[in-house]
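Here is the structure we will look at, set down as structure tokens.
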Amino acid sequence: MLFYFSFSALAIAIALQSAIQHNELPNDASTWFFILLVGVLSPVTLPCMLRKKALDLYHRHVQTQAA
């Protein structure tokens with residue numbers, strides 16, 4: 001159970017960080033519901049988010065190597 005809550009907290013933190021970086025601070029109920037849903041479904045959403053972040057870092061690295 002502790003692992004589930006730690007994965008949920010990490011998924012929520014990543015979703016909040018993304019919302020803050022895009023200047024779309026959650027201020028309505030639907031955004032908070034989505035972030036809560038990300039936390040509940042963290043066994044599915046967390047690996048997908050981490051994969052996306054890793055691919056973004058890889059593509060940035062490849063672009064800097066090509067330039």
> In Å and rounded to the nearest 0.5 Å, what is the CG to CG distance from Leu55 to Leu50?
Replying inline: 11.0 Å

>> What's the separation between atom CD1 in Ile12 and atom CH2 in Trp32, rounded to the nearest 0.5 Å?
In response: 9.5 Å

>> Which residues pass the side-chain hydrogen bond (donor to acceptor under 3.5 Å, both in side chains) test with Ser42, not counting sequence neighbours?
In response: Ser8

>> Exactly one of Lys52, Lys53, His59 should register a side-chain hydrogen bond (donor to acceptor under 3.5 Å, both in side chains) with Asp56. Which one does?
In response: Lys52

>> With a sphere of 6.0 Å drawn around CZ of Phe34, does it hold more than 12 non-hydrogen atoms of other residues, nucleotides or ligands?
In response: no

> Does the side chain of Ile14 come within less than 4.5 Å of Val38's, by heavy atoms?
Replying inline: no

> Minimum heavy-atom separation for Tyr4 to Val40, with atom names?
Replying inline: OH-O, 2.6 Å

> Are Leu57 and Leu46 joined in one hydrophobic group, where the rule is that I, L, V, M, F, W and Y side chains link up if heavy atoms are under 4.5 Å apart?
Replying inline: no

